[in-house]
A.B. asks: 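Sharing a structure with you now.
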There are 2 protein chains.
Amino acid sequence: MSEFSHLISEKNFKQLRQWFHENGTLEIVEELTRSDPEQRAIAFRLIPKARAIDVFEMLDPSVQQQILNILREPRVREILEELEPDDRARLLDEMPPLLAKKLLEGLSFKERRLTSLLLGYPENSVGRIMSPEFVDLEINMTSNEAIARVRSSGRGVEAIYSLPVIDQNHKFIGTIDLGDLVLADCNITTEKLLTEEAYSVKADESQEKASRLLLDLGLIALPVVDSEEKLAGVLTFDDAMEVLQESDTEDYLRTGASEPLREPYLTASMLRLTKTRAVWLLVLALAATLTVNVLNLFQSTLESVLTLSLFIPLLIGIGGNIGSQSATIIIRAMALGEIRFGDTGAVLFREIRVGALLGLVLGIMGFIFVSIVFGINMAIILSLSLFSIAVLAAFAGSLLPMTAKKIGIDPAVVSAPIISTLVDASGLIIYFLIAKMVLSI
Amino acid sequence: MSEFSHLISEKNFKQLRQWFHENGTLEIVEELTRSDPEQRAIAFRLIPKARAIDVFEMLDPSVQQQILNILREPRVREILEELEPDDRARLLDEMPPLLAKKLLEGLSFKERRLTSLLLGYPENSVGRIMSPEFVDLEINMTSNEAIARVRSSGRGVEAIYSLPVIDQNHKFIGTIDLGDLVLADCNITTEKLLTEEAYSVKADESQEKASRLLLDLGLIALPVVDSEEKLAGVLTFDDAMEVLQESDTEDYLRTGASEPLREPYLTASMLRLTKTRAVWLLVLALAATLTVNVLNLFQSTLESVLTLSLFIPLLIGIGGNIGSQSATIIIRAMALGEIRFGDTGAVLFREIRVGALLGLVLGIMGFIFVSIVFGINMAIILSLSLFSIAVLAAFAGSLLPMTAKKIGIDPAVVSAPIISTLVDASGLIIYFLIAKMVLSI
């Protein structure tokens, strides 16, 4: 039990205040994240005000939510007022609409305008998470004038390291790195300082796409423009990183047959922990009943040769694994933008060949072992089944995610678990058909 | 087929040169990444030199490698010379040691020194990927002097937005954001401009830990210090993002029972695609033979009640899914730093309860359906098995990854596939023991 949780459980507030002074924001955030809602509420009130906002900004939105719920309204207003517009928008997004509206109205005009601007963009669009405050330069400025502009209007602006440049019609034409500006000679025109290439995204672009672009380009900030190429805001690297981490978590958990928790594991409620998995599980259980029916079909075959039952778990297990391999590799490659729709053919061809190769290896090994223990017939049946199931699994494992993406479903939804369950049933059919052929029953 | 691959396959170099002029670095990088090594080599030579280095920097290390292999040595030297020291170190890291040594010697003294410095740190340590070039300020400077220092020695320095500050003994004491410096009044001392908290990492810290810290703090750069708290370099946000994306890919693919490709999917060789999966598959196949033995043990039971065979795939399928759920959720929570060793007890307790809850739901549903079709006895057997397997799976799925981490193995290695395979065997034992009890055979 950490010193913090010790102090809090003992309600030793004096010591606790001390602890907050002695520890860094990060430590405070960690401890708050790990303590349960009530304790969190008490603790947060004891944080020195100057510190409180930094701590709050670093907390998980779900945790921020819980804290606001128990703070008194004036304090809530204070906090919201001090948050960056994009953080504030994200937070209001998660609140009950009525409460959000009420709090929004409580904000100063400037902050309210900035926030409503963000909330005006569609969900999951980069417009929602961009910083609406930026310092823009004009194309015909000298570096001195530019610096002056930054100094006059840069205070409190989050995205100041990458400065968007606009032309006479206020259209975005490129960016200047603050670094280059600082290093530049006094009277170079801004035009000469523009970065080689001008990248920007439309405000309704998906957050993930925009963040991926920012990462691929290694940019500190990516300008966001509206339909008329006018500047709407700036996507900053830290928000982009958050987005990518979240989408990775989502893909990862779905591949593990559960929905993302969207809050820290240790403080998530039992109900929530169960709900995020239950739906997946029931769907998979339903799909798994297919296997019962298949086996029912082949009862007579099983009856006559019970030995066949021995290899059922092994076969479907291996099939499932090969299917998962293909699915995860393809889904990740799509997420990283390594493969696109156009590549479907090439991908399937590759996966089928890989499946065949793996099936060949497993088939041969299987044949050797099984022929020794269970005789030649079983060996033939098993190796043939292994090979066909391997090919089938690799094929299904690559086809389904790509089709899903094409029709606009998150590929991760039809990943490992679904695929193995489907391969289970079809694998059994293959197995028994081969068995009937070989044993001519 | 894209215009690029069309031009290249037609060896239409004139048009290709044109294409390079008309398209952005990102497009060029994408097309190069997707074309096969020979074509890539030809194409790269046609890129205007000014452009070539930007393109090269954005390519995947494995692709950079292949390109260098076919370029003539003077050109290779040129490219290496222009790369950032950390990119260069990563590249040399992947080369055959002899070649790397040869190329390193070819570099100018300054660049060679910087690179060897990086290569001096242990693998996967943040020292390997930090930028060894930085502009450090002294604690007693005025903001004007600081700006002057930046302007005099900031040229060509990658990490210029977060300026480390040192004291009289050259020890790191904090950082100043370039933004704050630009906005500051002329004669404030640097001391007043220090960011509230001074974060830094040791050069031998793991790349993943350091990058995670940078992300959690939302920093542009994180100072890296040696054992005496003296500045060694700076970890920049873009390198940190790369590291986290790579480790996410690794976890993700391992959860899908394959090793990371470490090169773009479409251009990876068949052999490589197969190798990254074969080892996993053979291990899992070996583990799966356990199920054969288990079933062998209970042949007599199966013989007397063949109906039992119907539910084998369903039971182990569901067990596997619950195991995967626990494993993926726990592994991700560990990766995000949400849970630590100390939490093992709490985590296991939570997972067991979740497993029990899920088992209860499945058990009841199973009971209803099965009792209708297969009678009360089978219903009892199945629901009891479902419940016990659910609890077992959730327990194993959380215990194994946490133990793995504790003994220093990547938890993702003992994730979904391994766990489901183990749960398969133990699940069957439970199933048959319950069956023997209920049917008293």
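Just so it is clear, the model here is predicted, and its values are computed rather than measured. Every chain is numbered from 1 and lettered A, B, ... according to where its sequence line falls, protein lines coming before strand lines.
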A.B. asks: Can you tell me which portion of B/M58 sits under 4.5 Å from chain A's heavy atoms? Options are side chain, backbone, both or neither.
C.D. replies: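 Contact with chain A involves the side chain of B/M58 alone.
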
A.B. asks: Going from CG on A/L266 to CG on B/D343, what distance comes out if it is rounded to the nearest 0.5 angstrom?
C.D. replies: 4.5 Å

A.B. asks: Heavy-atom distance under 4.5 Å between the side chains of B/V347 and A/Y265, does that happen here?
C.D. replies: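 A side-chain contact exists here, since the closest heavy-atom pair is under 4.5 Å.
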
A.B. asks: Heavy atoms only, distances under 4.5 angstrom: which of B/P313, B/G355, B/S324 has the most pairs with chain A? Name it, please.
C.D. replies: B/P313

A.B. asks: Identify which part of A/T267 has an atom lying under 4.5 Å from any heavy atom of chain B, answering side chain, backbone, both or neither.
C.D. replies: backbone

A.B. asks: For a 4.5 angstrom cut-off between non-hydrogen side-chain atoms, does B/L244 reach A/L244?
C.D. replies: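 Not in contact.
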
A.B. asks: Answer yes or no: is there a side-chain heavy-atom contact under 4.5 Å between B/L284 and A/I318?
C.D. replies: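 SC-SC contact between B/L284 and A/I318 ruled out.
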
A.B. asks: Is the shortest heavy-atom distance from the side chain of A/D177 to the side chain of B/Y161 under 4.5 Å?
C.D. replies: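 A side-chain contact under 4.5 Å exists here.
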
A.B. asks: Less than 4.5 Å to any heavy atom of chain A: does that hold for the side chain of B/R212, its backbone, both, or neither?
C.D. replies: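 The side chain, not the backbone.
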
A.B. asks: When rounded to the nearest 0.5 angstrom, what distance separates OH in B/Y252 from CG in A/D248?
C.D. replies: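 B/Y252 atom OH to A/D248 atom CG measures 9.5 Å (nearest 0.5 Å).
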
A.B. asks: Is any side-chain heavy atom of A/E259 closer than 4.5 Å to a side-chain heavy atom of B/Q325?
C.D. replies: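 Contact flag for A/E259/B/Q325 side chains = no.
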
A.B. asks: Quick check on B/E196 against chain A: is it the side chain, the backbone, both or neither that has a heavy atom closer than 4.5 Å?
C.D. replies: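 It is the side chain, since no backbone atom gets that close.
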
A.B. asks: Relative to chain B, which segment of A/Q245 carries a heavy atom at a distance below 4.5 Å: side chain, backbone, both, or neither?
C.D. replies: both

A.B. asks: OG1/A/T25 to OH/B/Y199 distance, rounded to the nearest 0.5 angstrom?
C.D. replies: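 That separation rounds to 4.5 Å.
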
A.B. asks: Determine the minimum heavy-atom distance between A/A268 and B/R350, stating which atoms define it.
C.D. replies: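 A/A268 and B/R350 have their closest heavy atoms at O-NH2, 2.7 Å.
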
A.B. asks: What part of A/L336 gets within 4.5 angstrom of chain B, counting heavy atoms only: side chain, backbone, both, or neither?
C.D. replies: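 The answer is the side chain of A/L336.
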
A.B. asks: Let me confirm one number: the OG-CD1 distance from A/S258 to B/I322, rounded to the nearest 0.5 Å.
C.D. replies: 12.0 Å

A.B. asks: What residue in A/L183, A/L295, A/V354 has the most heavy-atom pairs under 4.5 Å with chain B?
C.D. replies: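 Most pairs with chain B among the choices: A/L183.
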
A.B. asks: Which residue out of A/T328, A/L219, A/L181 racks up the most heavy-atom pairs below 4.5 Å with chain B?
C.D. replies: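 If we count pairs closer than 4.5 Å to chain B, A/T328 comes out on top.
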
A.B. asks: Do A/E246 and B/R332 sit within salt-bridge range, that is, some charged N less than 4.0 Å from a carboxylate O?
C.D. replies: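 Looking at B/R332 together with A/E246, the answer is no, because their closest N to O distance does not fall below 4.0 Å.
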
A.B. asks: Between A/D54 and chain B, which part of the residue has a heavy atom less than 4.5 Å away: side chain, backbone, both or neither?
C.D. replies: side chain

A.B. asks: Hey, are A/R277 and B/E351 close enough for a salt bridge, meaning a charged N less than 4.0 Å from a carboxylate O?
C.D. replies: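 Yes, this pair counts.
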
A.B. asks: If you compare all heavy atoms of A/L362 against all heavy atoms of B/A285, which two are closest, and at what distance to 0.1 Å?
C.D. replies: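 Shortest heavy-atom separation between A/L362 and B/A285 comes out as CD2-CB, 4.2 Å.
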
A.B. asks: Can you tell me which portion of B/L290 sits under 4.5 Å from chain A's heavy atoms? Options are side chain, backbone, both or neither.
C.D. replies: neither

A.B. asks: Which atoms of A/L213 are under 4.5 Å from chain B, going by heavy atoms: the side chain, the backbone, both sets, or neither?
C.D. replies: side chain

A.B. asks: Considering only heavy atoms from C-beta outward, does the side chain of A/L273 approach that of B/R353 to under 4.5 Å?
C.D. replies: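 SC-SC contact between A/L273 and B/R353 ruled out.
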
A.B. asks: I'd like to check B/E263 versus A/E338 (side-chain heavy atoms, cut-off strictly below 4.5 Å). Are they in contact?
C.D. replies: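 Of all side-chain heavy-atom pairs linking A/E338 with B/E263, none is under 4.5 Å.
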
A.B. asks: Rounded at 0.5 Å granularity, tell me how far OG1 in A/T274 sits from CG in B/L357.
C.D. replies: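 Reported value, rounded in 0.5 Å steps: 4.5 Å.
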
A.B. asks: First locate atom CG of B/N321, then atom CG of A/L281, and finally report the distance between them rounded to the nearest 0.5 Å.
C.D. replies: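 These two atoms lie 6.0 Å from each other.
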
A.B. asks: When the ring planes of B/F237 and A/F237 are compared, do they come out parallel, tilted or perpendicular, using 30° and 60° as the limits?
C.D. replies: tilted

A.B. asks: Please report the shortest heavy-atom distance between B/L215 and A/M241, naming the atom on each side.
C.D. replies: CD1-CB, 3.3 Å

A.B. asks: Indicate the atoms forming the closest heavy-atom contact of A/G218 with B/D238, along with that distance.
C.D. replies: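 Minimum heavy-atom contact is CA-CB, 4.2 Å.
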
A.B. asks: How close do B/L302 and A/S309 get, counting heavy atoms only, and between which atoms?
C.D. replies: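 That closest heavy-atom pairing would be CD1-OG, 3.5 Å.
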
